Structures are given as C-alpha cells and as structure tokens.
Amino acid sequence: MRATRRQLALDERGFANLARQVRSPNHDARPAGTAISLVVVHGISLPPGEYGGDGITRLFTNRLDPRAHPYYAAIAAMKVSAHFLIRRDGELIQFVGCRERAWHAGASAWKSRERCNDFSIGIELEGADDIAYATAQYTMLARLIRVLRRTFPIDEIVGHADIAPGRKTDPGPAFDWARLRRLLAPRQR
Ligand SMILES: [Zn+2]
C-alpha cells in the first residue's frame, strides 16, 4: 500500500506544516497593505560548492563563525535570511513566516519596482550556479510554489539574478526554468 503523502499547507501566519522551523531574527514587517506577488528563487551553498553542512542555517540565524572557513569572514556579520531553504534531498526548512519580510533580495528591482523584499517570498535552493540542482529540490519547490499561489496573489517567479543583475548570479544557469514551468503546469489528462 502506498503511503499517503501529507499535504503541504500554510497556517495563517504563513508557516508551512511540513517545514523544519528554524526561526531567524532577520526579518521585519512588510509595508502595510503590500500584496505578496513575487517568488524569488535563490541558490546558496556554504562553504561555496559544499553541501550538507550547517553554514546556511547559521548564516540566517547570525551564528556563522567567521573563523570556520576563509569565506565566512566576509559574510558572517551580514544580517540576511530567506523564508525557505530547500536542501539537496528536498528537505524544507523555514526561517521566516511568509507574512513577514525576509531579507534575501538586497538592492533589487523587478519591472522598475524596487525593494523586492517588500513584496516577495524568498526561496533558497542549496546549490551552486553551475551544478545541476537535485530532482528532489524541483519537486519540493513546485509543491511549495503551488501552495504559495493558493494563498497569495503570486504572479511571477524570478531568480535573484533577474532582480539584481550585475550584482547577483544565483540560482545560475544550472537552474532549469523550463523544468519548473512543466512541474507547475496544470496536469494534463
Ligand atoms: Zn540569492
């Protein structure tokens, strides 16, 4: 008998029932009355190109040891976060409730509207710009976006590079946008 997969759902504050919750202090309120209309897909690995460690959760909770890796000294003091992280095996971790503003986009603009953190949900994929993302990550990303679309008036899904060109490159050329679109397309019968 096939095990029934639990339905992914958000509570009224935008916390996902199936996510491992790791609260980040790096968030604040969205401007009053702002509709959440954008999903920003990111790629991150800490140390760069290495998977499975606790660097990302430490960075997003201000606990990254600047001496633990040469790369960390430059980023350890940054106050950053995202709403979600999807690890290589598809595990979903949540740092900030969707109704709050996470600090993932930085200086950014989409269709000449600035400060994308105000109106977006940030989803990090554990990965690197030029290494294929894992199937389990696409599956979870699509599940999550479907739920977000049911809850918020999401009308576009973009990459960090799209809203901060010249400054950011993630999720990089390795991210397969066509694959995500196929997963999100209404099911054919
Ligand atoms: Zn990013």
Side-chain angles (χ1 to χ4, degrees), residues 14 16 19 22-28 30 36-64 66 69 71-88 90-98 100-134 136-138 140-142 144-145 148 152 154 156-177 179-181:
V22 179
R23 293 285 189 275
S24 171
N26 302 334
H27 69 271
D28 54 10
R30 297 180 188 271
I36 299 167
S37 57
L38 189 70
V39 167
V40 181
V41 177
H42 298 257
I44 187 173
S45 50
L46 290 176
E50 290 181 33
Y51 303 145
D54 62 1
I56 304 167
T57 53
R58 284 183 171 276
L59 176 66
F60 289 171
T61 52
N62 306 332
R63 293 180 299 120
L64 193 64
H69 186 276
Y71 181 73
Y72 290 177
I75 61 167
M78 294 175 79
K79 295 277 194 289
V80 290
S81 64
H83 294 91
F84 296 99
L85 167 67
I86 301 174
R87 304 212 68 150
R88 302 296 291 185
E91 184 194 13
L92 182 65
I93 303 175
Q94 183 165 18
F95 299 93
V96 175
C98 293
E100 300 291 315
R101 178 171 63 183
W103 303 345
H104 56 98
S108 55
W110 179 242
K111 295 187 172 166
S112 58
R113 190 173 171 196
E114 296 189 340
R115 293 182 301 281
C116 294
N117 284 339
D118 290 356
F119 56 95
S120 68
I121 304 274
I123 306 174
E124 301 273 356
L125 303 178
E126 185 179 27
D129 282 6
D130 48 4
I131 298 167
Y133 290 89
Q137 294 182 295
Y138 285 98
M140 179 54 82
L141 179 61
L144 179 57
I145 290 173
L148 293 171
F152 304 109
I154 305 286
E156 285 181 289
I157 304 159
V158 298
H160 199 183
D162 299 314
I163 60 168
R167 192 174 71 79
K168 293 291 178 180
T169 58
D170 63 301
F175 186 76
D176 188 344
W177 288 98
R179 184 174 182 180
L180 177 63
R181 270 194 297 276

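Values below: every heavy atom of this structure, side chains too, minus hydrogens, waters and symmetry copies. Everything numeric in this text was worked out from a predicted model, so none of it was measured. Start at 1 and go down the list; that is how both ligands and their atoms are numbered.
Contact check for Leu148 versus Ile123: side-chain heavy atoms found under the 4.5 Å cut-off. Here the side chains of Tyr71 and Pro47 are not in contact, with every heavy-atom distance at 4.5 Å or above.
Protein-derived N/O/S atoms nearer than 2.8 Å to the Zn ion (ligand 1) total 3, waters excluded.
Classification of Arg30 and Asp118 as a salt-bridged pair fails, no side-chain N sitting under 4.0 Å from a carboxylate O.
Counting all heavy atoms, side chain and backbone alike, Thr57 lies closest to Arg63 at O-NH2, 4.2 Å.
Scored by the salt bridge (charged side-chain N to carboxylate O under 4.0 Å, His left out) test, Glu91 finds Arg20 as partners (sequence neighbours excluded).
Ring geometry, Tyr138 versus Phe175: the interplanar angle falls under 30°, so the pair is classed parallel (tilted spans 30 to 60°).
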